[in-house]
Each structure stands twice: as structure tokens, then as C-alpha cells.
Amino acid sequence: MPLLLAPPPSAARPLLALTFGVAELNALLRAFCARGRVAEARALFHRYCDTYPPDARTFNTLLLGFKEAGNAQALDLFYHDAVLRGFVPDSVSYCVRMDAYCKKGRFLDALDLLDEMRKRENCRPTLQVFTTLIYGAGIVRNATRARQLFDEMGQGGVTPDRGAHNALMGAYVRARDLQSGMTVMSEMERKGIGLDDVSYNTMLCGFQRIGDLEGIWKVYSKMVGSGFMPRTRTTMLLMKVFCENARPDLGLELWDYLLGKGCVPHRHALDVLVTGLCCRGMVLEAYRCFREMIEMGMTPTERAFRVLEGFFKRKREFEKLEEIRQMMKATQLEEHQCDEEAA
DNA sequence: CTAGGGTTAG
């Protein structure tokens, strides 16, 4: 769709002229960038930059837009053009550019920017800047450098937070040093920095990749022990690992844990669990979970239904077969009614 | 909502 550039609010409409300024322009640019329409954002910028003199936020918003679009080249072009217009980059500008480089594996280029920003009066490396670089070191599998940056941050008076620890942990995991990753995790606990879904997911992913079920179990036990509620991604990872390694009993345990906490697992978690349980002959347990999902007011996927249906047929459990068919029909009907009410 | 940390292997 072609971009329609409306003329700026004219003097004949003073109310609009008063309420639209650089802050509104920035919000507009952000809205376009957030939808991946950064080219249009840039066009808007060029169209209005004379009417509403841009501030640092304007430039940084566009830099961020290019970064999120994965377009490091356009980002560089825009950046240098902005500098020619008199833009003075701040910590945020540097951070965004560094992150764009890091995500492209250009860690050394990002480090050059660190040197450059240190020479400037108006900015210092911030928590986000260090975290970005630690992450960047991890991308190029340089865990040693990641650690150095982490220590350097503390010496520079910037206290590493949960995100910085997670970035360091991720760097160790990428470098296949799971042991050091676990040490970081313990450090976080010792310092009273709570672990979050990113922390758990980082380590679990690492152990999964090298096929270390013991490691998975260690992290999982830690998670359950502290009463943490995993988010969808982590739940799915655990469910798959358990069920695909002939341990649907552990998957069932996870299921019960989540329900015990009042959490409603994702529908696909049930797919994996039902399949895993049925394949190990635990059809009644699969049926129980299927029922529980319906009792929570959710409709299992067609896939979960088909799997369970198939096993009941095979076992000639015609009563149960009929029961789940009815349950499925009832919830689908209910959903339909909800849709209609919403419409 | 102007910035950082997780997903993916062959």
C-alpha cells in the first residue's frame, strides 16, 4: 500500500498545530517501526523533520527500527546522515548500534563503538550497553571475553542485574560450557537475584542441545523447588524433553505441578503429553489430563483428541471413546457461542 | 514504547 503523506497541520487549524509536535512525531515513528514499516517511518521523518525539529528520541527511534528490521546497513546510512544533520548520539544510540552489530556476529565492530563512546563526554557505557556486548561475545562463542566484560562492568560502578547475568549465562551456554553457566545460576541465587524464565530456559536449552538429561533434571528440580511458574516456551521444552525421552511420567508430574499452581498449560503441552503417555501405555492418565484441560474451560487441539481417540479405539474402550467425543463436541459448541457473542 | 538477556539443528 502506498504511503499517503498528509500535509502537516496548517495554521488554519491551531488546535491540531498545538497538539502535534515532536513527541507526537516520535510516537508515530515508533508505531510504524513496531509494525516493521521502517521505510515508511523514514519517509515520514524526512517529510516532517523541518516542521518539527527532531530530538534524540526521534533519531534513536529510527535507529531502533532499522535494528529491529535486521537492516544494519540502512541503520549505518541513517546514522551517518543524522550526524551530518547535527545529531549527537547518546548511550541509547550506541547501544542500539552495538546490538545491531552483535546480532550480525560483528562483535569487533561493536567493541569499536565501545571505544568510541568512551571518548565522548555525553555518554558512558550503561547496564544495557554491557549486557549487549556480553551477549555479542556469546554470539561469537567468546565466553572469556563475555566474562571480562561482566567483571569490567562491576568495576565501572555498574551493578549487573538479572539481565546481565542471563546474558553471561547465555554466553557460556553458547560456548558449550554448561558448568560455568550453572555456576552463574548459583551466583544469582546466592546474590538474591531471582531466576526468571529466561534464566531457566537458557540452561535448559543448553542441556537439551548436548543431550544432557541429568542437567535438565537438575535445573528442573531447582525450578520446581523454588515454586517457579515456567512460561509457555519453557513448559513446552520440558514437556518435549520428558516425553520424547520415554519419561512421560515426568511430563505428568510437570502437568500436575502447573495445575497445582493454578496455571493453565498451553494446549500444545497437552498434545505432547497425551502422545507421550499413550505411547507408553498410560492411556488413562492421558485421558485424565485431557479431561482436566476441558474442565479448565479450554478445548484440547484436534491433534490431542485424535491421538486419544486412536488409542481408545485400539483398546476397544468404546465408552471412553464416546465420552471424549461428547466432551469435544460440547466445548467446541461453547466456543462457537462465545465467538458469536463476541461478534 | 528510546536501549540489554532465551528459541534453531542438519
Side-chain angles (χ1 to χ4, degrees), chain A residues 22-36 38 41 45 54-68 75 78-79 82 87-103 107 110 113-114 117 123-139 143 146 149-150 153 158-174 176 178 181 184-185 188 193-211 219 223 230-241 244 266 268:
Chain A
V22 67
E24 285 68 28
L25 175 63
N26 291 345
L28 194 59
L29 297 182
R30 182 70 209 123
F32 271 96
C33 290
R35 284 160 183 75
V38 63
F45 169 81
D55 57 16
R57 191 177 286 221
T58 317
F59 289 107
N60 286 340
T61 298
L62 279 160
L63 291 176
L64 183 64
F66 287 118
K67 188 204 81 174
E68 285 170 344
L75 187 152
F78 182 79
Y79 174 80
F87 167 56
V88 180
D90 60 11
S91 302
V92 176
S93 328
Y94 276 104
C95 191
V96 170
R97 291 177 66 210
M98 284 174 180
D99 198 35
Y101 287 154
C102 287
K103 287 191 160 65
F107 178 57
L113 288 183
L114 177 65
M117 88 179 287
C123 44
R124 288 178 311 110
T126 58
L127 178 62
Q128 288 85 347
V129 164
F130 277 114
T131 306
T132 299
L133 290 171
I134 290 166
Y135 167 80
I139 295 281
L149 284 158
F150 185 86
M153 160 167 44
V158 181
T159 310
D161 68 350
R162 180 183 295 152
H165 281 84
N166 283 343
L168 180 61
M169 205 192 294
Y172 280 128
V173 166
R174 279 179 203 269
R176 302 290 190 270
L178 281 292
V184 174
M185 194 174 241
M188 291 170 80
I193 298 172
L195 303 174
D196 67 1
D197 203 66
V198 177
S199 324
Y200 289 116
N201 196 271
T202 301
M203 289 315 301
L204 289 170
C205 261
F207 284 122
Q208 183 193 32
R209 210 157 34 207
I210 62 169
V219 177
M223 186 186 87
R231 296 183 59 80
T232 302
R233 195 183 298 179
T234 303
T235 303
M236 288 303 299
L237 183 154
L238 285 167
M239 202 56 101
K240 277 187 185 158
V241 167
E244 286 168 9
H266 198 275
H268 291 306

Using a cut-off of 4.0 Å on non-hydrogen atoms, how would the nucleic acid contact of Asp196(A) be classed: base, sugar-phosphate, or nothing?
-> base
Whole-Å distance separating the CG atom of Asp99(A) from the P atom of dG5(B) | 5 Å
Taking atom P of dA3(B) as reference, at what distance in whole Å does atom CG of Asn60(A) sit?
-> 9 Å
With sugar-phosphate meaning primed atoms plus P, OP1 and OP2, does Ala164(A) contact a base, only sugar-phosphate, or nothing at under 4.0 Å between heavy atoms?
-> base
Closest to side chain of Ala167(A), choosing from dG6(B), dG4(B), dG5(B) = dG5(B)
Please give, in whole Å, the distance from dG5(B) C1' to Ile139(A) CD1?
-> 11 Å
Decide if atom NZ of Lys103(A) counts as having more than 12 heavy atoms of other residues, nucleotides or ligands within a radius under 6.0 Å.
-> yes
Counting side-chain heavy atoms from C-beta on, which of dG5(B), dA9(B), dT2(B) comes nearest to Val198(A)?
-> dG5(B)
What does Ser93(A) touch in the nucleic acid at a heavy-atom separation under 4.0 angstrom: a base, only the sugar-phosphate, or nothing?
-> nothing
May I have the distance from Asn166(A) (atom CG) to dG5(B) (atom P), rounded to whole angstrom?
-> 11 Å
Spell out yes or no: do the side chain of Thr126(A) and the base of dA3(B) have one donor N/O and one acceptor N/O closer than 3.5 Å?
-> yes
For the residue pair Tyr200(A) and Pro230(A), establish whether any side-chain heavy-atom pair is separated by less than 4.5 Å.
-> no
Considering only heavy atoms from C-beta outward, does the side chain of Ile139(A) approach that of Phe107(A) to under 4.5 Å?
-> no
Out of dC1(B), dG4(B), dG6(B), minimum distance to the side chain of Asn201(A) belongs to dG6(B)
Quick one: is Arg30(A) getting a side-chain N or O under 4.0 Å of the dC1(B) phosphate, OP1 or OP2?
-> no
In whole Å, what is the span from the CE atom of Met98(A) to the C1' atom of dG4(B)?
-> 12 Å
Any donor-acceptor N/O pair, Asp197(A) side chain to Arg231(A) backbone, under 3.5 Å | yes
Rounded off to whole Å, could you give me the CG-to-P distance for the Leu113(A) and dA3(B) pair?
-> 18 Å
N/O donor-acceptor pair under 3.5 Å between Arg162(A) side chain and Gly194(A) backbone = yes
Give one of base, sugar-phosphate or nothing for Leu127(A), where a contact means two heavy atoms less than 4.0 Å apart.
-> base
Classify the side chain of Thr202(A) and the base of dG5(B) as holding, or not holding, a donor-acceptor pair under 3.5 Å.
-> no
Atom CG of Leu25(A) to atom P of dT2(B): distance rounded to whole Å?
-> 13 Å
Look at the side-chain N and O atoms of Arg162(A) and state whether any lies under 4.0 Å from the OP1 or OP2 oxygen of dG5(B).
-> no
Expressed as a whole number of Å, how far does the P atom of dC1(B) sit from that of dG5(B)?
-> 15 Å
When you measure from the side chain of Tyr135(A), which nucleotide among dA3(B), dG6(B), dG4(B) comes out closest?
-> dG6(B)
The nucleotide from dG5(B), dA3(B), dG6(B) with an atom nearest the side chain of Thr131(A) is dG5(B)
Do Asp161(A) and dG5(B) share a donor-acceptor pair, side chain to base, under 3.5 Å?
-> no
Are Lys67(A) and dG4(B) close enough that a side-chain N or O sits under 4.0 Å from OP1 or OP2?
-> yes
Could you give the CZ-to-C1' distance, from Arg174(A) to dT8(B), as a whole number of Å?
-> 10 Å
Hey, is the side chain of Lys103(A) poking within less than 4.0 Å of OP1 or OP2 on dG5(B), counting only N and O atoms?
-> yes
When all nucleic acid strands are considered with a 4.0 Å heavy-atom cut-off, which category describes Thr58(A): base, sugar-phosphate, or nothing?
-> nothing
Parallel, tilted or perpendicular: ring planes of Phe78(A) versus Phe59(A), cut at 30 and 60 degrees = tilted
